[in-house]
Each structure stands twice: as C-alpha cells, then as structure tokens.
Asker: 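Below you'll find the structure I mean.
Since the structure is predicted, the reported quantities are computational estimates derived from the model, not experimental observations. Side chains included, hydrogens not; waters and symmetry mates left out as well; all remaining heavy atoms used.
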Amino acid sequence: MRRRTVPFLILSIITLISLVALITLISPDQQLTVNNLQLTTLYGFFVLLFLFLFSTFTYLFKSKKHSFLIASFTVAYLIFRLNDLTHPFFLILLAALFLTVELLV
C-alpha cells in the first residue's frame, strides 16, 4: 500500500495561496513583460490552476495518471469557455476524449 506523499500536499497549499494571490492582486488584463515578450496573466492562472489540481488529486488519489487527466480536463474546459465554445456538445466531446485517453492509459 502506497502512502500519501507530503510534498504534494505542500505543493497544493503553496499553489492555492499563489492562485488566490494572483486572482485578488493582479487584474486579468495586465500584461507581464519577460525578455521583450508580452504575456497575459491568464497563462499564469492556468499553470497555477493545473499545478493546484494536479497536486491535490495526486495527494488524494495517490495516482499521478488520474490527477493529470483531471487537471488537464479542467484546464481544457476552461480554455474552451474562454474561447466562447460554451455549447454542451463541446463538453461532451471533451469528456469523451478524456474518457478514451483514460481507458487507453
């Protein structure tokens, strides 16, 4: 029987705090400049959300594969919503795709 690993719990708490700070302190329209490259804060939001979900579900389920699929599904769905793909058919297609990947893995 595998034990729950504490580093994933610590990573989950750190990314949750970072995510809350990003949401409350920085506006979504703000541009970040990194080496003459303009980046929106949405990229950071999606990365932090993915890391938070991945570490939380890895700690809860003790499976990196399942937590990766859950985090990827959630971020992909939010990206679909961001691009105005809000019809329920897109959710069904996304769920079918991730279910197929789950069965494949």
Asker: Taking all non-hydrogen atoms of both residues into account, name the closest pair between Val105 and Lys65 and its distance.
Answerer: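 Closest heavy-atom pair between Val105 and Lys65: CG1-CD, 3.6 Å.
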Asker: Quick one: do the Thr33 and Gln38 side chains pair a donor with an acceptor below 3.5 Å?
Answerer: yes
Asker: Are the side chains of Thr40 and Leu32 in contact, using a 4.5 Å heavy-atom criterion?
Answerer: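 With C-beta onward as the side chain, the pair stays apart.
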Asker: Suppose clustering is done on Ile, Leu, Val, Met, Phe, Trp and Tyr with side-chain heavy atoms closer than 4.5 Å. Which residues sit in the same group as Leu104?
Answerer: none
Asker: Just how far is it from atom OG of Ser12 to atom OH of Tyr59, taken to the nearest 0.5 Å?
Answerer: 9.5 Å
Asker: If you measure from CG on Leu91 to CZ on Arg81, what distance do you get to the nearest 0.5 Å?
Answerer: 9.5 Å
Asker: Quick one: do Ile79 and Leu94 end up in the same hydrophobic cluster if we chain Ile, Leu, Val, Met, Phe, Trp and Tyr together by side-chain heavy atoms under 4.5 Å apart?
Answerer: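 No, Ile79 does not connect to Leu94 through the hydrophobic network.
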Asker: Would you say Leu16 ends up clustered with Leu60 if hydrophobic residues are merged whenever their side chains have heavy atoms under 4.5 Å apart, either directly or through other cluster members?
Answerer: yes
Asker: Using 0.5 Å steps for rounding, measure from the OG atom of Ser18 to the CD1 atom of Ile13.
Answerer: 12.0 Å
Asker: Distance from Leu69 atom CG to Leu99 atom CG, nearest 0.5 Å?
Answerer: 10.0 Å
Asker: Is the distance between the ring centroids of Phe50 and Phe45 less than 6.0 Å?
Answerer: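 No, they do not, as the ring centres are separated by 6.0 Å or more.
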Asker: Under 4.5 Å between side-chain heavy atoms, counting indirect links through other Ile/Leu/Val/Met/Phe/Trp/Tyr residues: same cluster for Phe8 and Phe52 or not?
Answerer: yes
Asker: Is Leu9 reachable from Phe54 through a run of I, L, V, M, F, W or Y residues, each pair having side-chain heavy atoms under 4.5 Å apart?
Answerer: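 Yes, because Phe54 and Leu9 connect within a single hydrophobic cluster, where side-chain heavy atoms sit under 4.5 Å apart.
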Asker: Quick one: name the residues clustered hydrophobically with Leu93, using the 4.5 Å side-chain heavy-atom rule over I, L, V, M, F, W, Y, and just say none if it's on its own.
Answerer: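 Leu93 shares its hydrophobic cluster with Phe89.
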Asker: Looking at side-chain heavy atoms only, is the closest gap between Tyr77 and Phe90 below 4.5 Å?
Answerer: no
Asker: Please find the pair of heavy atoms, one from Ser63 and one from Ser67, that lie closest to each other, and give the distance.
Answerer: O-OG, 3.1 Å
Asker: How long is the straight-line distance from OG1 of Thr5 back to NZ of Lys64, given to the nearest 0.5 Å?
Answerer: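 Going from the NZ atom of Lys64 to the OG1 atom of Thr5 covers 7.5 Å.
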Asker: Can you establish whether the number of heavy atoms outside Phe46 located under 6.0 Å from its atom CZ is more than 12?
Answerer: yes
Asker: Is there a path of hydrophobic side-chain contacts, each under 4.5 Å between heavy atoms of I/L/V/M/F/W/Y residues, joining Leu51 to Val20?
Answerer: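 Each belongs to a different hydrophobic cluster.
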Asker: Spell out, as yes or no, whether a donor-acceptor pair under 3.5 Å connects the side chain of Thr56 to the backbone of Leu53.
Answerer: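 No, the answer is negative, given that no donor and acceptor are paired below the 3.5 Å cut-off.
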Asker: Checking side chain to side chain contact (heavy atoms under 4.5 Å, CB included) against Leu22, which of Thr15, Leu48, Ile17, Val47 comes through?
Answerer: Leu48
Asker: Between His87 and Phe80, is there a side-chain heavy-atom distance shorter than 4.5 Å?
Answerer: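 No, their side chains stay 4.5 Å or more apart.
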Asker: As an exercise, state the distance from CD of Glu102 to NE2 of His66, rounded to the nearest 0.5 Å.
Answerer: 4.0 Å
Asker: How does the hydrophobic cluster around Leu37 look, that is, which other residues are in it when side-chain heavy atoms under 4.5 Å mark a link?
Answerer: Val34, Leu39, Tyr43
Asker: Give the C-alpha distance, both sets of side-chain angles, the deciding distance and a yes or no for side-chain contact (heavy atoms from CB on, under 4.5 Å) between Phe61 and Ile70.
Answerer: CA-CA 11 Å; Phe61 293 152; Ile70 291 171; 3.4 Å; yes
